[in-house]
Asker: 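Mind looking over this structure? Questions follow.
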Amino acid sequence: MAKSIVSAVLEKLSSFLMIPGEIKRNFELALALEEEIGKVIAHFQDIQSVLQDAESKQVKDANVRNWLKKLKDVAYDVDDVLDEWNSEKLKSQIEKEQKEARNFPLLKKMRNSISSFTFQTILYYKIASKLNGVNEQLDSIATEKDRYKFGLEKVVEEPRRLITASFIDDEEVYGRCQETEILVNVLVGENSSGGGLKLPVISIMGMGGIGKTTLAQLVYNHSDVECHFDKRIWICVSDPFDEIRIAKEILEAFKGESLNLVGKDNILQEIRSHVSGKKVLLVLDDVWSEDATRWEQLRTSLKHCSPGSRILITTRNEKVAIIMGTTSSNLFLLNTLSLEECWSLLSRRAYYGRTREECENLDDIGWKIAEKCQGLPLAAKILGGLLRFKRTREQWQNVLDSEMWDIEEAEQDLFPPLFLSYYELPLAFKQCISYCAVFPKGMILRKDELIKLWMAQDYLKGVRCEEMEIVGEEYFDELHMRSFFQDFRGDELDSGIMKYKMHDIIHDFLLVLMKTECVMLVNHDSEELKVDLSCESARYGTLIRKEAAPTEPNIFRFRKLRSLLIDSSYHDTSSLRLYLPRLFDQLTCLRTLNLSNGLFRNSIEELPDEIGKLVHLRYLNLKNNKKLKELPESLCGLCNLQTLNLKWCDSLKELPCGIGKIINLRHLENDQTNLSLMAIPKGIGRLTNLQTLSLFVVMGNSDTSSLGDLQNLIHLRGLLKISGLGAVCDVTEAKKAELENKKGLRTLILDFTISKGLMSNRWQRDDGRLLEALRPPPCLEELEIWWYNSPTISANWMMGLTKLSHVSLGYCLHLKSLPPLGKLPSLESLYIGGMSRVEKVSVEFLGVEREEILAPSSSLESPSLSVIAFPSLKHLEFEFFDLEEWEDWMPLTSREEHISIMPRLCSLTINSCPKLKALPCYVLHNTSLKQLNISQSPTLSERCRKETGEDWLKISHIPSIMIDSVRIQVNCSSVEEFGVLQFQPLHSSSLSSKNFLKAFSQN
């Protein structure tokens, strides 16, 4: 971590050597500034050359850890000084542009220029003074460095790597029976042909200490494997990947003696002749290298083995497995042990030499200690060995109560294997994964949020002008492939959100690395927070508020915090309001601040003006503060702010007028504020870096933003909801928005209601031309249209959206016929609701052209030419309400029976359609249908009654049927296999029908 921050600061310092022209006029000041910057650069460059050695030694040497702490503290301080300098220059530039735009008289312009020069001079004197103090600290650190005799980067000794062998004691292994059986079957079973590959590569992948080598040893020594292969070879590869050494070891395994051969080609030729005609199993244990060229020639020489030969590798990195030639079907992700298996492994060591009575006396504590291992075999072995020499309950209890990083044996034996994985990471990755120590153990992490937090700490520097978010995706995916993150499966409705967890042992390891930089405070039972004085210079902090008491004054002792996450999942944020002014006033180094509320109705109601003092702030999370009504104008002075999260702040009436000054804003997340937010201020169009704008509200007056202000926001991506479209009278404004050019948009919600107090003439207009002007990009995947006022939807662009997978049409009260949505080739889910004038759903809805209807089935020469309507549709929901007119869902005529309709339909919901007479035959006879839900539709309900209904025999093949909230048929296995939405409404991204009607009545 030290090397990462030093490298980042050095990179920034070089750009600050260019002293502005106005300061160079003051020769003395310019000289002093250049001299101080030059000294800092020289110090850091001198220290940087030994940091790799220092970081490898810190794992076991507390003095080195302390020296690195001092260095990091100074590096962070320099980074803050440079960021303050840059922020002031940016603010000055924004103010200058605003003043120039106002066209002041000449005399006032001169006064402004003099004032600006005076401010800049004072700022540079202040910066030079701070850097002078930094250089004094670096003098001391450089002197201390020489005591440790660190090696230069090129001659650094790498961390010790364990050399493995194929031998194993089966009695020392617990669990892994199922995994062994699966792998043995892959190697020797009837289906072990390798999928047509000449020499298949099977990979065991997982984090350090999870038992990859043990599993490979079990498989290697299995009796079936011994009998199946003519020759078995075990090689510990480790790092670096020395292909000459590996090739020699393979050859020595065949010859049974050491070799004197010289030259790579000679060795590979010998291997080729020895493997020819033999069925070989080659195990390559602990592979790290991502250099494919080192492996290719060796693999080519091995391809002359007879069919049935295999290569089995173990690795921590999925990318390595892929480079080595592993297919997805041959990649085995090794999971942790069960608690019972972990306890068996731990107790075998811990209970060695004890009587039964002694063991029974320690069982209850032992099981709890086994839980600490979190299924990691290496942890169970180490703690088991430690407990063997702890004789009393008190000693065992002490181990249980200790954090893993406080246990000496864990630090010496458990963490070094994890450090190998960390040591191999590029500098940028080390920063990113180290930051994760700030999260509470076991916390569920959202990938997109984590990337924004990394971005706020300035960890994501793109090459080739890549967006920071894209760089963050690449970094995360790399760390995930290296087993630092584990997939977390939440409920099905959240399946679109990518969530992950970090193994507890990895989290503990990171806390060791970040021991003096990261602090976690818990207020509990009204006790005063106890603070370790050595952590007062911590840079990353988390406050877990288990009591309703407000933030304790102790938090203010951490004045250098760059990240503060306040966990309010136990109590709401309302009690923070008294301390927020002081927090903003004193913790001025913050770059990340999370003030999100738990699922509570109560919350803070306003942010104090002091928020403007957080000049370094890049990430501000106010999510779920449901009573927050407004944001202060001082927020607009935070020119570095990148992310502002206002989700579910559903009392927020307006955004600050000066929001256009936050020119670095990239993510304005204001989902679920549409019932309170009246408008978007003018100036939003200046935020040209904006990528997320969840909600854009059109007010329809000159004091607020119009649709045309979206024109320059070309980087918008993901979700965009535009509400208040009913207030738009000028279609040319909609064309100016140029939605079609926003290639990153994936979901578009168009809401044709209008803001409060503007309902006049709403139903006398036709929204058809406006909808046509709001043409989205062709890559759109989800489209929702609400409260549209026109008898038809005839937008020419809609049928051209070939990637559209979800459509919702709601409360289009004047719509008389449904658009031909059956033409959409990728449409998977469709919601249609609240259509008061639709009387029938006819063949036009299927999107079938007249000539296709008239074409006789005999003229269709092949199945590929058959007519298919809704070819991809899986989920369909109609919700029409009690006063609606829909009576007929037209069946196909004999001329139309050659048309295939909804061949992949899985779930159908009919809700509140009281006049609907019957379902068409192409639905009743649809064999792909797995769920049918009918409610508040009496005629249909009667026709579908079990055993007695007129249509029962036609629908009885459907595994799950629900009529008026009563499940009349369920086939659990089919439903589980299907795994669909369990009758959840498809319009989940918008308001429920009740809330829509409520909002409509308010308007």
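These values consider heavy atoms only, across backbone and side chains, with no hydrogens, waters or symmetry-generated copies.
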Asker: Any salt bridge linking Lys441 with Asp508? Criterion: basic side-chain nitrogen under 4.0 Å from a carboxylate oxygen.
Answerer: yes
Asker: Give me the ring orientation class for Trp454 and Phe476: parallel if the planes are under 30° apart, tilted from 30 to 60°, perpendicular past 60°.
Answerer: tilted
Asker: Would you say Leu68 and Leu51 make side-chain contact, with heavy atoms under 4.5 Å?
Answerer: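 Result yes, sub-4.5 Å side-chain heavy-atom pair found.
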Asker: Counting C-beta onward and ignoring hydrogens, is there a side-chain heavy-atom pair between Tyr500 and Gln486 closer than 4.5 Å?
Answerer: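 They are not in side-chain contact.
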Asker: Using distance alone, with no hydrogens and no angle criterion, decide if Thr315 and Asn317 have a side-chain donor and acceptor under 3.5 Å apart.
Answerer: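 No, because no side-chain N or O of Thr315 sits under 3.5 Å from a partner of the opposite role on Asn317.
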Asker: Ignoring hydrogens and angles, tell me if any N or O in the side chain of Thr542 forms a donor-acceptor pair with the backbone of Val438 under 3.5 Å.
Answerer: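 Yes; judged by distance alone, with no hydrogens or angles, the pair exists.
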Asker: Does Gln457 reach the side chain of Gln431, with side-chain heavy atoms less than 4.5 Å apart?
Answerer: no
Asker: Strictly below 4.0 Å, N to O, side chains only: are Glu610 and Arg582 in salt-bridge contact?
Answerer: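 No, no charged N to carboxylate O under 4.0 Å.
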Asker: Can you tell me if Asn621 and Tyr619 form a side-chain donor-acceptor pair at under 3.5 Å?
Answerer: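 Checked: Asn621/Tyr619 side chains pair up, N/O donor to acceptor below 3.5 Å.
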Asker: Given 3.5 Å as the limit, does a donor-acceptor pair link the side chain of Ser434 with the main chain of Lys430, or not?
Answerer: yes
Asker: Check the pair Ile506 / Met207 against side-chain contact (heavy atoms from CB on, under 4.5 Å), numbers first and verdict last.
Answerer: CA-CA 9 Å; Ile506 289 183; Met207 62 181 284; 3.5 Å; yes
Asker: For Arg559, is there an ion pair with Glu536 - N to carboxylate O distance below 4.0 angstrom?
Answerer: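 Judged by the 4.0 Å cut-off on N to carboxylate O distance, Glu536 and Arg559 do not form a salt bridge.
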Asker: Looking at Asp504 and Lys372, is there a salt bridge between them, counting it only when a charged N and a carboxylate O are closer than 4.0 Å?
Answerer: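 No.
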Asker: Find the distance between CD (Gln691) and OG1 (Thr643) and round it off to the nearest 0.5 Å.
Answerer: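 Rounded to the nearest 0.5 Å, the CD-OG1 separation comes to 9.5 Å.
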Asker: Is any side-chain heavy atom of Val237 closer than 4.5 Å to one of Ser289?
Answerer: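 Counting from C-beta outward, Ser289 and Val237 never come under 4.5 Å.
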Asker: Can Asp46 and Lys145 be counted as an ion pair, charged N to O under 4.0 angstrom?
Answerer: yes
Asker: Quick one: does any side-chain atom of His507 pair with a main-chain N or O of Met502 as donor and acceptor, under 3.5 Å?
Answerer: no
Asker: To the nearest 0.5 Å, what is the distance between SG on Cys436 and CE on Met514?
Answerer: 9.5 Å
Asker: Under a 4.5 Å cut-off applied to non-hydrogen side-chain atoms, are Asn640 and Ile662 in contact?
Answerer: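 No, their side chains stay 4.5 Å or more apart.
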Asker: Should Asp53 and Lys149 count as an ion pair when the cut-off is N to O under 4.0 Å?
Answerer: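 Between Lys149 and Asp53 there is no salt bridge, as every charged N stays at least 4.0 Å from the carboxylate O atoms.
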Asker: Between the side chains of Glu36 and Asn132, does any donor sit under 3.5 Å from an acceptor?
Answerer: yes
Asker: Over 60° means perpendicular and under 30° means parallel, so tell me whether Phe439 and Tyr435 are parallel, tilted or perpendicular.
Answerer: perpendicular
Asker: Any chance the side chains of His43 and Asp139 put a donor and an acceptor closer than 3.5 Å?
Answerer: yes
Asker: Please assess Phe44 against Leu13 for the test side-chain contact (heavy atoms from CB on, under 4.5 Å), listing each intermediate value before the final yes or no.
Answerer: CA-CA 10 Å; Phe44 277 140; Leu13 278 166; 4.1 Å; yes
Asker: Once rounded to the nearest 0.5 Å, what's the spacing between atom CG of Leu383 and atom SG of Cys373?
Answerer: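 Going from the CG atom of Leu383 to the SG atom of Cys373 covers 4.5 Å.
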Asker: Are a donor atom and an acceptor atom from the side chains of Ser537 and Lys69 found within less than 3.5 Å of each other?
Answerer: yes
Asker: Is Asp448 salt-bridged to Lys499, going by a charged N under 4.0 Å from an acidic O?
Answerer: no
Asker: Tell me yes or no: between the side chains of Trp85 and Asp83, is some donor less than 3.5 Å from an acceptor?
Answerer: no
Asker: Take Asn645 and Leu620 through the test side-chain contact (heavy atoms from CB on, under 4.5 Å) and record every step on the way to the result.
Answerer: CA-CA 6 Å; Asn645 190 338; Leu620 178 60; over 6 Å; no
Asker: List the steps and the verdict of side-chain contact (heavy atoms from CB on, under 4.5 Å) for Leu665 and Gln642.
Answerer: CA-CA 4 Å; Leu665 194 64; Gln642 298 167 341; 5.8 Å; no
Asker: Salt bridge check, Asp73 against Lys560: does any charged N sit closer than 4.0 Å to a carboxylate O?
Answerer: no
Asker: Given side chains that start at C-beta, do those of Asp567 and Leu543 come closer than 4.5 Å, heavy atoms only?
Answerer: no
Asker: For the pair Asp77 and Lys72, find out whether any cationic side-chain nitrogen is under 4.0 Å from an anionic carboxylate oxygen.
Answerer: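 No salt bridge links Asp77 with Lys72.
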Asker: Strictly by modelled atom types, are His667 and Glu469 linked by a side-chain donor-acceptor pair under 3.5 Å?
Answerer: yes
Asker: Measure the CD1-CG distance between Ile141 and Asn135 for me, rounded to the nearest 0.5 Å.
Answerer: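 Separation between the atoms: 11.0 Å.
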Asker: Are more than 12 heavy atoms, taken from residues, nucleotides or ligands other than Lys501, located less than 6.0 Å from that residue's NZ atom?
Answerer: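 No, not enclosed.
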Asker: Thinking salt bridges, do Asp458 and Arg618 make one under a 4.0 Å N-O criterion?
Answerer: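 No salt bridge links Asp458 with Arg618.
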Asker: From Leu82 CG over to Lys130 NZ, what is the distance, rounded to the nearest 0.5 angstrom?
Answerer: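 If I round to the nearest 0.5 Å, the distance is 11.0 Å.
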Asker: Which value, rounded to the nearest 0.5 Å, describes the distance between Lys3 atom NZ and Leu10 atom CG?
Answerer: 11.5 Å
Asker: Any ion pair linking Asp79 and Lys12 (charged N to carboxylate O, less than 4.0 Å)?
Answerer: yes
Asker: Is a side-chain donor or acceptor of Asp286 paired with a backbone partner of Thr314 at a separation under 3.5 angstrom?
Answerer: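 Flag not set: sc Asp286 to bb Thr314 has no pair under 3.5 Å.
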Asker: Without hydrogens or angle criteria, can the side chains of Asp291 and Thr293 be said to hold a donor-acceptor pair below 3.5 Å?
Answerer: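 Present: a donor and an acceptor within the cut-off.
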Asker: Taking Trp288 for the side chain and Phe241 for the main chain, is one N or O donor matched with an acceptor at less than 3.5 Å?
Answerer: no
Asker: Please confirm whether the backbone N or O of Asp477 pairs with a side-chain atom of Arg482, one donor and one acceptor, at under 3.5 Å?
Answerer: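 No, the answer is negative, given that no donor and acceptor are paired below the 3.5 Å cut-off.
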Asker: Just one of Ile246, Leu284, Val287 clears the side chain to side chain contact (heavy atoms under 4.5 Å, CB included) bar with Trp295, so which one?
Answerer: Leu284
